[in-house]
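Since the structure comes first, as structure tokens, the remarks are kept for the end.
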Number of protein chains: 2
Amino acid sequence: MEEKRRQILDAAVRVFAHKGFHTSRVGDIAEEAGVAHGLLYHYFSSKDEVLETVFHENWSVLLDRIRAVEDTDEPAAEQLRHVAAILLRTWRHEPDVVRVVVREIARSPEVQQRIGELVEPVDSIRRIVENGQARGELRADLDPQLAATIFYGGIDAILTSWVLGTREDGDDAIARAEQTLAEVVRTGFVTPA
Amino acid sequence: MEEKRRQILDAAVRVFAHKGFHTSRVGDIAEEAGVAHGLLYHYFSSKDEVLETVFHENWSVLLDRIRAVEDTDEPAAEQLRHVAAILLRTWRHEPDVVRVVVREIARSPEVQQRIGELVEPVDSIRRIVENGQARGELRADLDPQLAATIFYGGIDAILTSWVLGTREDGDDAIARAEQTLAEVVRTGFVTPA
DNA sequence: ACGGCTGTCGAACGGTCGGTCAACGGGCGC
DNA sequence: GCGCCCGTTGACCGACCGTTCGACAGCCGT
């Protein structure tokens, strides 16, 4: 039954999200999924493979949506806003996915090395910046890679504060975060002359 | 001998920086310090206490330097630049400290809850933003907390890319990163009209 | 109705590691 | 020179947990 595999993966997302990967026991995942923990090894070869599968499945969905933004013909500033919106709104629909990705994987060098996909959102943002510069919409004197890293870092920091419960996270708060990021892109922090 | 305690702490920074906290064995730290692993328990009550001590000692130094920036009478934009400089340049002098703080601690909720200090740099930045707004230097329509989170996130993302080896990190690269952050604060990404 | 295959179970294994502790030794006071 | 303290050692313990594996149950083809 392929359905059990899903059960296990879904359970794993929840467990990893709430306890973190290395504090989660294989037994916890099995219990959450309602199966014996031996069964997990019928569908996956190891605990690590479960983590990688969970990660890959969810991350590639986000990646595709981010990449799709590159193909629109909106101004670069608007494209950046869309990228922010995709990531920030995911917190609303799938907080557990954000928890596990943000908190557990994005920083861990062991995983980072095995999974190249992690840098890809930054690459996507970088291309948006480069195209914006080529069209004269964005300042040409910014290093695109650096600007992309900074922008992604801003999004990531906001998500992190939601994950950690440090910041209000209702619908309006999400909209405000999106808006603030857009404003920073538009004119920075300093009062325009 | 109090000196042995230092030896152990210094060894711990190196080991945590290169292997991560939960993959580091107590024996690794002892070996790096050149002592028997039992001795570690003469100076610390647990492996966790070692981590907390390492973290606290190094983090409080950075915190004090960041807080000191609040007391200067420079323009807010300049103060933000200084905060960025403090954090980014630490990568130059003490990469291992940055590695362990950035990669190991800043994201882990277990530690996050035990150690309130982690949010303090963001608080400090927030106060700088608020004061800048009060003096009319910074845009009053930005939520200071949100702006501070975004700014800190940008710094953090740059440090992370250095830690992961994704980005060039010579003296000039550090200067460029600092400069780019300052420019983003000044006028954002968009070409000024 | 039989044999085997697939999915499922959970007891048991094996290795790892944080933490303990009895013993040692060398320096210091007497 | 004697004993005592205390920093130091490393063998050992016990728990934990990922992984294995033999058993079993239901179903399907024959």
Side-chain angles (χ1 to χ4, degrees), chain A residues 1-57 99-100 103-105 108-115, chain B residues 1-57 99-100 103-105 108-115:
Chain A
M1 241 192 279
E2 183 60 21
E3 175 194 328
K4 279 280 167 72
R5 190 187 150 95
R6 274 252 65 79
Q7 263 181 48
I8 293 173
L9 283 174
D10 290 348
V13 174
R14 291 193 293 274
V15 174
F16 289 155
H18 292 281
K19 305 192 44 171
F21 175 68
H22 62 272
T23 20
S24 302
R25 287 163 268 283
V26 170
D28 294 334
I29 301 170
E31 191 187 354
E32 175 79 24
V35 300
H37 71 280
L39 187 59
L40 194 142
Y41 292 90
H42 189 71
Y43 293 103
F44 304 93
S45 67
S46 69
K47 188 186 165 191
D48 285 81
E49 198 195 293
V50 176
L51 179 65
E52 277 184 40
T53 307
V54 161
F55 174 73
H56 184 77
E57 280 195 7
R99 278 202 181 91
V100 63
R103 127 174 193 185
E104 205 55 43
I105 309 192
S108 131
E110 315 109 55
V111 184
Q112 191 91 15
Q113 278 156 359
R114 274 202 311 262
I115 309 182
Chain B
M1 242 194 280
E2 183 60 22
E3 176 194 330
K4 278 283 166 70
R5 191 185 150 95
R6 273 251 66 78
Q7 262 181 49
I8 294 173
L9 283 174
D10 290 348
V13 175
R14 290 193 294 274
V15 174
F16 289 156
H18 292 282
K19 306 193 40 171
F21 175 68
H22 63 272
T23 19
S24 302
R25 288 163 267 283
V26 171
D28 294 335
I29 300 170
E31 190 187 353
E32 175 79 24
V35 300
H37 79 277
L39 187 59
L40 194 142
Y41 292 90
H42 189 71
Y43 293 103
F44 304 94
S45 67
S46 69
K47 188 186 164 190
D48 285 80
E49 198 195 293
V50 176
L51 179 65
E52 276 184 39
T53 307
V54 161
F55 174 73
H56 183 78
E57 281 195 8
R99 278 201 181 92
V100 62
R103 125 174 195 185
E104 206 55 42
I105 308 191
S108 132
E110 316 109 55
V111 184
Q112 192 92 14
Q113 277 156 0
R114 274 203 309 261
I115 308 182

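Only heavy atoms go into these numbers, but all of them, side chains included; no hydrogens, no water, no symmetry mates. Predicted model only: the values in this text are computed from it and were never measured. Residue numbering restarts at 1 for every chain, and letters A, B, ... go by the order of the sequence lines.
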ring-ring contact (aromatic ring centres under 6.0 Å, His included) involving Phe21(B) - partner list, sequence neighbours excluded: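 With neighbours one apart ignored, the set is Phe16(B).
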
Contacts of His18(B) that satisfy ring-ring contact (aromatic ring centres under 6.0 Å, His included) - sequence neighbours left out: none

Rounded to whole Å, please give me the gap between [atom1] in [X] and [atom2] in [N].
X	N	atom1	atom2	value
Ile8(A)	dG18(D)	CD1	P	15 Å
Leu40(A)	dT20(D)	CG	P	11 Å
Phe44(A)	dT20(D)	CZ	C1'	18 Å
Leu39(A)	dA11(C)	CG	P	16 Å
His42(B)	dC24(C)	NE2	P	19 Å
Asp48(B)	dG19(C)	CG	C1'	12 Å
Lys47(B)	dT20(C)	NZ	C1'	17 Å
Arg5(A)	dT6(C)	CZ	C1'	17 Å

Sequence-distant partners of Arg25(B), salt bridge (Lys or Arg N to Asp or Glu O under 4.0 Å), two or more places apart: Asp28(B)

Reported OG1-to-CD distance for the pair Thr53(B) and Glu49(B), which is rounded to 0.5 angstrom: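 Result: 5.0 Å between the selected atoms.
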
Holding to side chain to side chain donor-acceptor pair (under 3.5 Å), I want the full list of residues that pass it with His56(A), two or more places apart in sequence or in another chain.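 Partners of His56(A) under the side chain to side chain donor-acceptor pair (under 3.5 Å) test: Glu117(A).
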
Taking 4.0 Å as the cut-off, does a side-chain nitrogen or oxygen of Tyr43(B) come that near to OP1 or OP2 on dG7(D)? no

With respect to the phosphate group of dT8(C), does any side-chain polar atom (N or O) of Lys4(A) fall under 4.0 Å of OP1 or OP2?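 So the side chain of Lys4(A) is within the cut-off, an N or O lying under 4.0 Å from OP1 or OP2 of dT8(C).
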
Donor/acceptor link under 3.5 angstrom from His37(B) side chain onto base of dG19(C):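 Answer yes: a donor N or O sits under 3.5 Å from an acceptor.
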
Determine, step by step, whether Leu9(B) and Tyr43(B) satisfy the side-chain contact (heavy atoms from CB on, under 4.5 Å) criterion, reporting the C-alpha distance in whole Å, the side-chain angles of both residues, the deciding distance to 0.1 Å, and the verdict. CA-CA 10 Å; Leu9(B) 283 174; Tyr43(B) 293 103; over 6 Å; no

Name each donor-acceptor pair under 3.5 Å that joins a side chain in residues 32-39 of chain A to protein atoms two or more places apart or in another chain, with its distance.
unit_1	atom_1	unit_2	atom_2	d
Glu32(A)	OE2	Arg14(A)	NE	2.6
Glu32(A)	OE2	Arg14(A)	NH2	3.3

Close approaches to DNA chain C from residues 23-30 of chain B, in residue order (heavy atom, under 4.0 Å): Ser24(B), Arg25(B), Val26(B)

